[in-house]
> 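Sharing a structure, written as structure tokens. Questions coming.
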Protein chains: 2
Amino acid sequence: MPTVSSEELAAAAGVNSAKLRKDFSYLGSYGTRGVGYDVEYLVYQISRELGLTQDWPVVIVGIGNLGAALANYGGFASRGFRVAALIDADPAMAGKPVAGIPVQHTDDLEKIIDENGVSIGVIATPAGAAQPVCDRLVAAGVTSILNFAPTVLSVPDGVDVRKVDLSIELQILAFHEQRKAGEEAEAQAGAAAAPAERGNDDKGPDGDVPAVMPA
Amino acid sequence: MPTVSSEELAAAAGVNSAKLRKDFSYLGSYGTRGVGYDVEYLVYQISRELGLTQDWPVVIVGIGNLGAALANYGGFASRGFRVAALIDADPAMAGKPVAGIPVQHTDDLEKIIDENGVSIGVIATPAGAAQPVCDRLVAAGVTSILNFAPTVLSVPDGVDVRKVDLSIELQILAFHEQRKAGEEAEAQAGAAAAPAERGNDDKGPDGDVPAVMPA
DNA sequence: ATGTCTTTGTGAACGCGTGCACAAAGATGA
DNA sequence: TCATCTTTGTGCACGCGTTCACAAAGACAT
Ligand SMILES: NC(=O)c1ccc[n+]([C@@H]2O[C@H](COP(=O)([O-])OP(=O)(O)OC[C@H]3O[C@@H](n4cnc5c(N)ncnc54)[C@H](O)[C@@H]3O)[C@@H](O)[C@H]2O)c1
Ligand SMILES: NC(=O)c1ccc[n+]([C@@H]2O[C@H](COP(=O)([O-])OP(=O)(O)OC[C@H]3O[C@@H](n4cnc5c(N)ncnc54)[C@H](O)[C@@H]3O)[C@@H](O)[C@H]2O)c1
């Protein structure tokens, strides 16, 4: 039976092993003292808690440059997501397959949502169409939305919205970038001011502390 | 002189006004007691601290479906970013304009980075090409990378990497989705167990607490 | 010039996540 | 069966961000 210790896992993830054990304890995933965690069982436990053991049908609305790129993205199926339908307002696109899936017209949006039991929707329309599309999705029963349009969506309670915005990602990078430049200029006195860089995680936790650096 | 109070701002953003004031105080942005903050000055202060007052040249590597969509994205220029160059390995694409910018061949990658003083790079190549491309970017002087390929990139210290992954965004939504379903089934006893939903921010702070919910 | 009223800036308390440290569990071998 | 060794699960303390609460600053009217 292949096992891993919290120590190994923690080292690989770059986190504290105690924290990792405590986190696991919340899911009730029981390891074996003196041995570690059964890998297979652990993976299953986490997958289940994360909702990855079930199949999630997803619709993408707005099949332009971005929508097509998303539809073609292979990372879907491997994680339990299935593109149930592609929807666009352009009549010229109706029936045309993208990534092997025929594009359907927005007129049928409600029907598509309902028939496929979709609860997760992706919006890749122009900014102006995002809110109306969002409203229709929500009215049709969608309760989670991933928004790529540069708009803040208003949704009723109980509906989750996540926004992906290239500009914001770049701004975060630019912020750190600017700070790097500032710090190397500060290589004069107070050498012991280095803020203890966090391990080179890729996860990209949104923000560091703004820290104290007045004008 | 148009002004805003911390109270108004906090209400609009859905955060605590004291926190907002304290955050502002870190940038040394001085408001006027009894009046509030001068909007124009505040915007400038924040923009400057965030590194938005300067122009950031950016290169996109891998001009396929996704890369083209990113190149076409309008939200760039409005935030101080400028697409300095588009780079692809496909010789057939060389010279062909995308979003009005001619695509250049990867052979010239180092030259392009250097001549444009680029420090931020976007990777939209297939997964297999991501690490090699990343290495070349870093070697050429890029110190911030936005990665769309489904790979974990290894970079030396001092280089920031952020990863955008549709699958992960969907997983986060699915996690909450699953939890919603679980909670409504729990509508039996212990009605006072509602975990105090945070305001319907769109920001999508990465995680709530896993909370206690054993098997 | 003086009083009043609004809103800032911040000291101090609170709450929570993180990390330490260790007792207990369980495997393993004698 | 008993001793030993490894690794878990967790009580407890520390540190840090958030929130409260209020003194002080400044605008504005009289
Ligand atoms: N978040 C990011 O990083 C990012 C990156 C690139 C683009 N974008 C945004 O994504 C969106 C799409 O970008 P794009 O380059 O694919 O644009 P696009 O113009 O190529 O595609 C938009 C598609 O939406 C369809 N559409 C328009 N109105 C619709 C409606 N009411 N219902 C359904 N479909 C509708 C159009 O027919 C078109 O096919 C834009 O809002 C853009 O700003 C975001
Ligand atoms: N993060 C996300 O949400 C998301 C979404 C969709 C796609 N993707 C990923 O983005 C990447 C691109 O997706 P796509 O649909 O545009 O693929 P694509 O095949 O359409 O485009 C890839 C492009 O990269 C170019 N390329 C290949 N090797 C290269 C190299 N060594 N140097 C420079 N250019 C190179 C190709 O010529 C092609 O033009 C893929 O890795 C895909 O998995 C991510």
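Each chain gets a letter, A, B and so on, in the order its sequence line appears, and its residues count up from 1. Fair warning: this is a prediction, and the values are worked out from it, not measured in the lab.
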> Could you tell me the separation between the CZ atom of A/R21 and the C1' atom of C/dA25, rounded to a whole number of Å?
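After rounding, the reported distance stands at 14 Å.
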> Going by atom types only, do A/Y44 and A/E40 share a side-chain donor-acceptor pair under 3.5 Å?
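Distance-only check fails for A/Y44 and A/E40.
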> By nearest nucleotide on DNA chain D, pick out whichever of B/K22 and A/V4 is the more 5' one.
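This one resolves to A/V4.
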> With nearest nucleotides of DNA chain D determined for A/G36 and B/A18 from heavy-atom distances, which residue corresponds to the more 5′ nucleotide?
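With A/G36 and B/A18 compared, the 5'-side residue is A/G36.
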> Take the protein atom CG of B/N16 and the nucleotide atom P of C/dT10, then report the distance between them rounded to whole Å.
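Those two atoms, CG and P, are 16 Å apart.
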> With heavy-atom distances below 4.5 Å as the criterion, would you say the side chains of A/T151 and A/I123 are in contact?
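A/T151 does not reach A/I123 side chain to side chain.
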> Using atom CG of A/L20 as one end and atom P of D/dT10 as the other, report the distance to the nearest whole Å.
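From A/L20 CG to D/dT10 P: 14 Å.
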> Which residue pairs pass the salt bridge (charged side-chain N to carboxylate O under 4.0 Å, His left out) test when at least one of the two sits in residues 6-17 of chain B, sequence neighbours left out?
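Sorted result for residues 6-17 of chain B: empty, none.
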> In this structure, how many angstroms lie between the C1' atom of C/dG9 and the OH atom of B/Y26, rounded?
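So the two atoms are 11 Å apart, to the nearest Å.
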> Applying salt bridge (charged side-chain N to carboxylate O under 4.0 Å, His left out), which residue pairs with at least one partner in residues 75-86 of chain A are found, sequence neighbours left out?
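Checked against salt bridge (charged side-chain N to carboxylate O under 4.0 Å, His left out) - neighbours excluded - the pairs reaching residues 75-86 of chain A are A/D55-A/R82, A/R79-B/D165.
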> Let me know the distance between CG of B/D38 and P of C/dT8, rounded to the nearest Å.
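Going from B/D38 (CG) to C/dT8 (P), I get 13 Å.
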> So does A/Y37 get a side-chain nitrogen or oxygen closer than 4.0 Å to the phosphate oxygens (OP1/OP2) of D/dG9?
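The answer is yes; a side-chain N or O of A/Y37 sits under 4.0 Å from OP1 or OP2.
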> Heavy atoms, side chains only, cut-off 4.5 Å: are A/L166 and B/F148 in contact?
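Yes, at least one pair of side-chain atoms sits under 4.5 Å.
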> Counting just side-chain N and O atoms, does B/S6 come under 4.0 Å of either OP1 or OP2 of C/dT8?
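The answer is yes; a side-chain N or O of B/S6 sits under 4.0 Å from OP1 or OP2.
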> Base, sugar-phosphate, or nothing: which does A/Y30 touch, judged by heavy atoms less than 4.0 Å apart?
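Sugar-phosphate contact only.
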> Starting at CG of A/L42 and ending at P of D/dT7, how long is that distance when rounded to a whole Å?
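In whole Å, D/dT7 P lies 16 Å from A/L42 CG.
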> Please give, in whole Å, the distance from D/dG9 P to A/F24 CZ?
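From A/F24 CZ to D/dG9 P: 10 Å.
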> Salt bridge between B/E169 and A/K163, side-chain N to carboxylate O under 4.0 Å?
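Here B/E169 does not pair with A/K163 in a salt bridge, since their nearest N and O are not under 4.0 Å apart.
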> Using nucleotides 27-29 of chain D, report all nitrogen or oxygen pairs with the protein that are shorter than 3.5 Å.
none

> side-chain contact (heavy atoms from CB on, under 4.5 Å) between A/T3 and A/T32: does it pass, once the steps are laid out?
CA-CA 9 Å; A/T3 60; A/T32 306; over 6 Å; no
> If you compare every side-chain N and O of A/K19 against the phosphate oxygens of C/dT18 (OP1, OP2), does one of them come in below 4.0 Å?
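Yes.
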